[in-house]
Amino acid sequence: MKDFRLYVITGEEFHPTRGVVEVMEEAIKGGADIIQLRDKTNSKRVVLDKARKLRELTRKYDVPFIVNDHIDIALAVDADGIHLGQDDMPLHLAREIVGKDKIIGISTHRIQEAREAEQGGADYIGAGPIFPTNSKSDVVDPVTTSYLNEIVSEISIPFVAIGGIKLHNVAEVVNSGANRICVISEVVGSEDVKGTCEMFLQKIGEKVIQL
């Protein structure tokens with residue numbers, strides 16, 4: 001994996017008057033260095049069309065492109081990787097399907113899940129939700145920054161903090177040991193997507209971890 005600090009996930013409900021490619025391009029211009037397509041409501045055909053367009057965009061800027069859940073779509077567009085939740089396909093089966101060269105990220109909510117993801121060969125883990133969030137309807141209770149402290153002390157693979165992270169609270173997350181932040185609504189719902197990404201990066205700081 002490439003170094004990354006700001007991971008942005010699509011959230012089209014937060015920008016109903018703007019297209020997903022336009023918004024994500026602004027995020028990339030603002031410094032987002034990994035992009036994920038997450039669409040749990042539309043048909044495969046619609047998601048595939050978005051994936052193709054975002055794959056073209058991310059190739060243009062040389063930014064890794066991740067597809068949430070849809071392994072078949074990720075393979076169809078040659079995405080850089082997939083992201084799976086705890087109720088999705090088991091990690092070992094996903095690895096058999098996508099191969100060793102694709103990135104696999106796993107959402108985790110407690111330290112045992114993080115351990116299992118690391119032991120199972122995940123390339124990175126999502127840690128959250130740190131704070132309450134409206135970006136997912138099936139979200140679990142906030143794990144708070146105490147979970148980040150556990151990960152920092154025990155897990156060696158990269159992790160990205162996610163869930164309810166805003167400009168006003170990102171410093172608390174960074175101070176708990178997170179060097180990588182994942183955002184949705186605060187970025188894609190902003191009137192100034194590029195500028196918001198730049199502000200996040202300023203708050204995250206200049207430290208970059210080699211993956």
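What you see is a predicted model, and the numbers here were worked out from it, not measured in a lab.
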> So, does Arg95 use its side chain to make a donor-acceptor pair with the main chain of Gly99 at under 3.5 Å?
Replying inline: yes

> Any side-chain heavy-atom pair from Gln36 and His83 closer than 4.5 angstrom?
Replying inline: yes

> What distance do Ser190 atom OG and His15 atom NE2 have between them, rounded to the nearest 0.5 Å?
Replying inline: 11.5 Å

> How far apart are the C-alpha atoms of Arg45 and Asp49, what are their side-chain angles, what is the distance that settles it, and do they pass the salt bridge (charged side-chain N to carboxylate O under 4.0 Å, His left out) test?
Replying inline: CA-CA 6 Å; Arg45 189 178 296 272; Asp49 181 61; over 6 Å; no

> Could you go step by step and tell me if Arg59 and Asp80 meet the salt bridge (charged side-chain N to carboxylate O under 4.0 Å, His left out) rule?
Replying inline: CA-CA 10 Å; Arg59 280 206 173 112; Asp80 296 291; over 6 Å; no

>> Within this structure, what is the SG-CD1 distance for the pair Cys197 and Ile28, rounded to the nearest 0.5 Å?
In response: 9.5 Å

> Is the closest side-chain heavy-atom distance between Phe131 and Pro142 below 4.5 Å?
Replying inline: no

> Is there a side chain to side chain contact (heavy atoms under 4.5 Å, CB included) between Val21 and Glu56 once you walk through the steps?
Replying inline: CA-CA 10 Å; Val21 175; Glu56 182 178 353; over 6 Å; no

> In Å, rounded to the nearest 0.5 Å, how long is the span from CG of Asp39 to CG of Asn42?
Replying inline: 4.0 Å

> Hey, mind stepping through Ile157 and Ile125 against side chain to side chain contact (heavy atoms under 4.5 Å, CB included) and telling me if it holds?
Replying inline: CA-CA 8 Å; Ile157 62 173; Ile125 57 172; 3.8 Å; yes

>> If we count only N and O atoms by modelled type, under 3.5 Å, do the side chains of Thr10 and Lys50 hold a donor and an acceptor together?
In response: no

> Quick one: does Ile35's side chain get under 4.5 Å of Ile66's, heavy atoms only?
Replying inline: no

>> Please give me the minimum heavy-atom distance between Val67 and Ala79, naming the atom from each residue.
In response: CG2-CB, 3.9 Å

> For Asp78, which of Arg52, Lys102, Arg55 qualifies under salt bridge (Lys or Arg N to Asp or Glu O under 4.0 Å)?
Replying inline: Lys102

> Can you check side chain to side chain contact (heavy atoms under 4.5 Å, CB included) on Ile155 and Ile111, steps first, answer last?
Replying inline: CA-CA 9 Å; Ile155 304 299; Ile111 194 64; 4.1 Å; yes

> Can you find a heavy atom in the side chain of Val46 that is under 4.5 Å from one in the side chain of Leu48?
Replying inline: no

> Can you name the side chain to side chain contact (heavy atoms under 4.5 Å, CB included) partners of Glu113, sequence neighbours left out?
Replying inline: Gln86, Thr108, His109, Arg110

> Which distance, rounded to the nearest 0.5 Å, do you find between the NZ of Lys203 and the CZ of Arg5?
Replying inline: 14.0 Å

>> Using only atom types and a distance under 3.5 Å, with no angle test, would you say the side chain of His70 pairs donor to acceptor with the backbone of Ile73?
In response: no

>> Quick one, Asn68 and Ile9 - any side-chain contact, counting heavy atoms below 4.5 Å?
In response: no

>> Taking CD in Glu22 as the centre, count heavy atoms belonging to other residues, nucleotides or ligands within less than 6.0 Å. Is the count above 12?
In response: yes

>> Is it the case that the side chain of Asn169 and the backbone of Ile165 share a donor-acceptor pair, with hydrogens and angles ignored and the cut-off at 3.5 Å?
In response: no

>> So Glu186 and Phe200, do their side chains get closer than 4.5 Å, heavy atoms only?
In response: yes

>> Could you work out, with side chain to side chain donor-acceptor pair (under 3.5 Å) as the rule, every residue matching Ser176, not counting sequence neighbours?
In response: none

> Any side-chain heavy-atom pair from Tyr7 and Ile181 closer than 4.5 angstrom?
Replying inline: no

> Looking at side-chain heavy atoms only, is the closest gap between Phe159 and Leu148 below 4.5 Å?
Replying inline: yes

> Any chance CD of Glu191 has more than 12 other-residue heavy atoms, nucleotides or ligands included, within less than 6.0 Å?
Replying inline: no

> So Gln202 and Glu198, side chain to side chain donor-acceptor pair (under 3.5 Å) or not? Walk me through it.
Replying inline: CA-CA 6 Å; Gln202 289 175 7; Glu198 290 170 344; over 6 Å; no

> How long is the span from the CG atom in Asp69 to the NZ atom in Lys40, to the nearest 0.5 Å?
Replying inline: 3.5 Å

>> Could you measure the distance from the OG1 atom of Thr145 to the CD1 atom of Ile151? Nearest 0.5 Å is fine.
In response: 11.5 Å

> Minimum heavy-atom separation for Val98 to Ile71, with atom names?
Replying inline: CG1-CG2, 3.7 Å

>> Could you walk me through whether Glu25 and Lys60 satisfy the salt bridge (charged side-chain N to carboxylate O under 4.0 Å, His left out) test, starting with their C-alpha distance in whole Å, then the side-chain angles of each, then the deciding distance to 0.1 Å, before giving a yes or no?
In response: CA-CA 10 Å; Glu25 183 167 23; Lys60 174 182 175 182; 3.4 Å; yes

> What's the shortest heavy-atom distance between Gly81 and Ala74, and which atoms?
Replying inline: O-CB, 4.2 Å

> For the residue pair Ser146 and Val143, what are the closest heavy atoms and their distance?
Replying inline: OG-O, 3.5 Å

> Is there a salt bridge (charged side-chain N to carboxylate O under 4.0 Å, His left out) between Asp33 and Lys2 once you walk through the steps?
Replying inline: CA-CA 9 Å; Asp33 43 13; Lys2 289 186 175 183; over 6 Å; no

> When you measure from the side chain of Asn175 to the backbone N and O of Glu172, does any donor-acceptor pair fall under 3.5 Å?
Replying inline: no

> Does the side chain to side chain contact (heavy atoms under 4.5 Å, CB included) test come out yes or no for Ile82 and Ile103, once each step is laid out?
Replying inline: CA-CA 6 Å; Ile82 58 170; Ile103 299 166; over 6 Å; no

> Looking at Tyr147 and Ala127, what are the two nearest heavy atoms and their distance?
Replying inline: CE2-CB, 3.7 Å

> Closest approach of Val8 and Ala32, non-hydrogen atoms and distance?
Replying inline: CG2-CB, 3.6 Å

